[in-house]
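Contents: one structure, followed by commentary.
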Amino acid sequence: MKSIVILFSGEGSNLENIIRSVDPKLVKVSKAITNNPAAPGINRARALGVEVEIIDHTLFPSRESFDAELVKSVRKSNADLVVLAGFMRILTPVFTDAIRNAVNIHPSLLPMFKGADAARRSFESSMKVAGVTVHWVSAELDSGEIIDQRCFYKGNLDFDGFMKRIKEIEHEMYPRVIMDLLTKREI
Ligand code: GRF
């Protein structure tokens, strides 16, 4: 049996979708960790029986001291894979040097539109296609090796339609990539 830990900061639609979609015979969601005590995702995870740990970043004097606590918590869980799902903190080398088995999902075709507000910037650009990327977490923000990527034509979608398409793709893609990594790549 493999296990994952999920890190999130907000709504938690990917968090909930992953919990619901991974095959429980093969993968256990050991716990979820959030930096945001007000994250709606907290109730979504708990309602599905997943323990949520809150590590409030505002209580730490630096990014590094927050990351050190995060590393401690992740290590305690012994997870095979750490899954970032809307985790809105920039990670320092304290985390990225210690935790090598972490993946992230980003709402653009990386390396285009790294960083915050990526979906909005991708929507507003003159590019005809947009998409979603799953990548390994590395020291540089949204820059680790790409694991999988999907794109779509923007056509004449308005922003709501565009975001709906992004979420649909994320929700199909992320659990599949996680299962593949855990069952086929021997991590
Ligand atoms: C997703 O769009 C993901 O790509 C980005 O943050 C968003 C999180 O949404 N990293 P949710 O909290 O999973 O609904």
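Both counts, for ligands and for their atoms, begin at 1 and track the order of listing.
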Aromatic centroids of Phe113 and Phe123 separated by under 6.0 Å: no

Identity and distance of the protein heavy atom lying nearest atom 8 (C) of ligand 1: Gly86 CA, 3.6 Å

Protein contact of atom 10 (N) of ligand 1 - nearest heavy atom, named by residue and atom, plus distance: Ile105 O, 3.0 Å

Ligand 1 to Glu170 polar contact by distance, N or O atoms, under 3.5 Å: yes

Working for side chain to side chain donor-acceptor pair (under 3.5 Å), residues Ser9 and Asn35: CA-CA 6 Å; Ser9 298; Asn35 64 302; 2.7 Å; yes

[X]: numbered ligand 1 atoms lying under 4.0 Å from its heavy atoms:
X     : value
Glu11 : 12 (O), 14 (O)
Gly12 : 11 (P), 12 (O), 13 (O), 14 (O)
Ser13 : 11 (P), 12 (O), 13 (O), 14 (O)

Pairwise salt bridge (Lys or Arg N to Asp or Glu O under 4.0 Å) hits with a residue in residues 39-50, at least two apart: Glu11-Arg44, Glu16-Arg44

Salt bridge (Lys or Arg N to Asp or Glu O under 4.0 Å) contacts touching residues 101-127 (sequence neighbours left out): Arg120-Glu124

Lys167 to ligand 1, any heavy atom closer than 4.0 Å: yes

Minimum heavy-atom distance between Ser77 and Lys31, given as atom pair plus value: CB-CE, 3.8 Å

Straight-line distance of Ile6 CD1 to Thr34 OG1, nearest 0.5 Å: 12.0 Å

